[in-house]
Amino acid sequence: MLAVSGTGCAQGAPAAGLNVPDGFSVTLFADGFKKPRFMVVASNGDVLISDQSAGTVTVMPDRNRDGKADSKQVYASGLNQPHGLAIHGAYLYVANTDGVVRYPYRPGDLKASAAPQKIVSLPGAGGHSTRTVEFGPDGRMYVAVGSTCNVCEESDPKRAAIWVYDADGRNGKPYATGLRNAVGIEWFGGQLFATNNGRDMLGDDLPPEGFYRVKAGGFYGWPYCYTTQPGQAQVWDKDFGKKTADACKAATPAFSLTTAHSAPLGLAFYDGKTFPAAYRGQMFAALHGSWNRSARSGYKVIMIDPQSGKTTDFATGFLKGQTVAGRPVDLVVAADGAMLLSDDGAGRVWRIQAR
């Protein structure tokens, strides 16, 4: 059961009960969403967000730059569980559960000017239903699709993998495999990073959730193996029992780990200029929270050093005892240097800024 606490705060007012490091503040940027998921920031500063349950993409402009959305403008509707968003060239790309579509887009647009063009077909729903789209420094499109199951050998090669395509959806091929559910993918410093949700039904603490540096042709273990220690060889999944421990020799381990079942989703690297120097270039990940752990885990934002893998709590208070007050989903750095966080438990977008 999700018990969402109503803070009753107006847009721009301090967020009651959310905790961030000294020198930072949290305010409400926008609310009233059904299931807000992933965001993208346009070159003019407008923020776009997918609402998976509403089937919409919404623009949240802040033209007067007061740190709260001026309005919520539905850019597109009738979408099939929209999730990942990307802006590339003259298009807005939307990852629906059954494929990637794109719209002609100019920064400042508040409503789609044309029908969506479907450029990639994907296996729909089936276990993990979210799809993520991101563009790399090579101008190519990277698409992440989760598994159909907890642990199994997939028949569709697009499952539990990241594929790469030309910007128009052609010439697709596998980029990385063995990622059970890489919901968050992000390029930084010429390197692709990914979050990954590990398997269930091995108790409270196995396997830990992982963060990966992803390379072309890499294999990341699932369903045969999982990481138990950052950077160390993966462990054979004896419970699944397929193949042998030799299969794990080719599996690249996670460089950083966090608590099992905490469900890391979106991630962002802080490349703004308003946070203190110690936070710049750091990776931030939204932990959506566990559904299958005797003591809940996750429900917070953590900061990860992309070099050492060290993790530090950054935003907490979404879990009060064992009562859920919100569920972090995705992070983006806004034009003014603030970090925005979507919360699909409370239907809100929070703004975190250094004071």
Side-chain angles (χ1 to χ4, degrees), residues 29-42 45-62 69 71-88 91-105 107 109-122 124-125 128-135 141-146 162 169 181-186 194-195 197 263-268 285-286 288 301 326-334 339-351:
F29 183 76
D31 64 359
F33 296 100
K34 289 185 177 180
K35 194 173 183 180
R37 297 294 287 187
F38 270 38
M39 298 175 284
V40 67
V41 181
D46 285 355
V47 182
L48 292 85
I49 189 168
S50 61
D51 190 321
Q52 193 174 7
S53 293
T56 58
V57 172
T58 297
V59 185
M60 301 180 291
D62 178 15
S71 61
K72 296 189 304 176
Q73 304 289 331
V74 175
Y75 177 87
S77 59
L79 295 163
N80 188 3
Q81 299 182 55
H83 186 258
L85 302 176
I87 296 171
H88 180 75
Y91 294 96
L92 169 68
Y93 292 76
V94 182
N96 290 319
T97 193
D98 61 351
V100 178
V101 301
R102 67 180 184 180
Y103 296 88
Y105 177 78
D109 284 355
L110 298 178
K111 191 170 183 63
S113 59
Q117 174 194 12
K118 190 171 186 177
I119 59 171
V120 171
S121 291
L122 298 173
H128 299 111
S129 62
T130 63
R131 311 289 178 250
T132 306
V133 58
E134 185 71 30
F135 278 83
M141 180 174 65
Y142 294 77
V143 179
V145 176
I162 299 172
N181 192 26
V183 180
I185 56 175
E186 193 76 33
T195 63
N197 290 199
L265 299 184
L267 70 156
H288 196 231
V301 175
R327 304 196 74 180
V329 177
D330 190 34
L331 298 147
V332 293
V333 179
M339 184 172 285
L340 301 181
L341 169 66
S342 57
D343 172 355
D344 70 358
R348 293 169 170 167
V349 177
W350 303 103
R351 179 179 181 267

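As the structure is a computational prediction, the values presented were derived from the model and not from experiment.
- When every heavy atom of Met141 is checked against every heavy atom of Gly169, the shortest pair comes out as CE-CA, 4.1 Å.
- Considering only heavy atoms from C-beta on, Val143 stays 4.5 Å or farther from Val120 through its side chain.
- Residues meeting the salt bridge (Lys or Arg N to Asp or Glu O under 4.0 Å) test with Asp109, sequence neighbours left out: Arg106.
- Expressed to the nearest 0.5 Å, how far CG of Leu110 lies from CG of Leu48 amounts to 9.0 Å.
- Lys111 contributes atom NZ, which lies 9.5 Å from atom CD of Gln73 (distance to the nearest 0.5 angstrom).
- For the side-chain hydrogen bond (donor to acceptor under 3.5 Å, both in side chains) test, residues two or more places apart in sequence or in another chain that qualify with His128 are Ser147.
- Atoms OG1 and CG, on Thr97 and Leu122 in that order, are 8.0 Å from each other to the nearest 0.5 Å.
- Using a 4.5 Å cut-off on side-chain heavy atoms (C-beta onward), Tyr103 and Val57 make no contact.
- Not a single donor-acceptor pair under 3.5 Å links the side chain of His83 to the backbone N or O of Ala95.
- Without hydrogens or angle criteria, Asp51 side chain to Lys34 main chain gives a donor-acceptor distance under 3.5 Å.
- The backbone N or O of Gly84 sits nowhere less than 3.5 Å from a side-chain atom of Ser50 that would complete a donor-acceptor pair.
- The side-chain contact (heavy atoms from CB on, under 4.5 Å) test applied to Gln52 returns Lys35, Arg37, Gln81, Ser129, Thr130, not counting sequence neighbours.
- For the residue pair Ile185 and Leu267, the shortest heavy atom distance occurs at N-CD2, 3.6 Å.
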*Could you please spell out the steps behind the side chain to side chain contact (heavy atoms under 4.5 Å, CB included) verdict for Val349 and Phe33?*
CA-CA 9 Å; Val349 177; Phe33 296 100; 4.1 Å; yes

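- Residues passing the side-chain hydrogen bond (donor to acceptor under 3.5 Å, both in side chains) test with Asp98, sequence neighbours excluded: Asn80.
- Here the closest non-hydrogen pair linking Ser71 and Pro61 is O-CD, 3.4 Å.
- The number of heavy atoms from other shown groups lying within 6.0 Å of NZ (Lys118) is above 12.
- Considering only heavy atoms from C-beta on, Asp62 comes within 4.5 Å of Phe29 through its side chain.
- A distance of 9.0 Å separates CG of Leu85 from CZ of Phe38, quoted to the nearest 0.5 Å.
- Among all heavy-atom pairs drawn from Ile49 and Pro36, the shortest one is CD1-CB, 3.5 Å.
- For the atom pair CD of Glu186 and OH of Tyr142, the computed distance is 13.0 Å after rounding to the nearest 0.5 Å.
- The side-chain hydrogen bond (donor to acceptor under 3.5 Å, both in side chains) search around Asp343 returns Trp350, not counting sequence neighbours.
- In terms of heavy atoms, Ala286 sits closest to Leu341 at CB-CD1, 4.2 Å.
- Without hydrogens or angle criteria, Thr132 side chain to Val183 main chain gives a donor-acceptor distance under 3.5 Å.
- Of the residues listed (Thr195, Asn197, Asn181), the one engaging Leu265 in a side-chain contact (heavy atoms from CB on, under 4.5 Å) is Asn197, and it is the only one.
- Counting all heavy atoms, side chain and backbone alike, Tyr75 lies closest to Leu92 at CE2-CD2, 3.6 Å.
- With Val101 as the partner, the side-chain contact (heavy atoms from CB on, under 4.5 Å) test is satisfied by one option alone out of Val133, Ile119, Asn96: Asn96.
- Not a single ring pair (Phe, Tyr, Trp, His ring centres under 6.0 Å) links Tyr91 to another residue, sequence neighbours left out.
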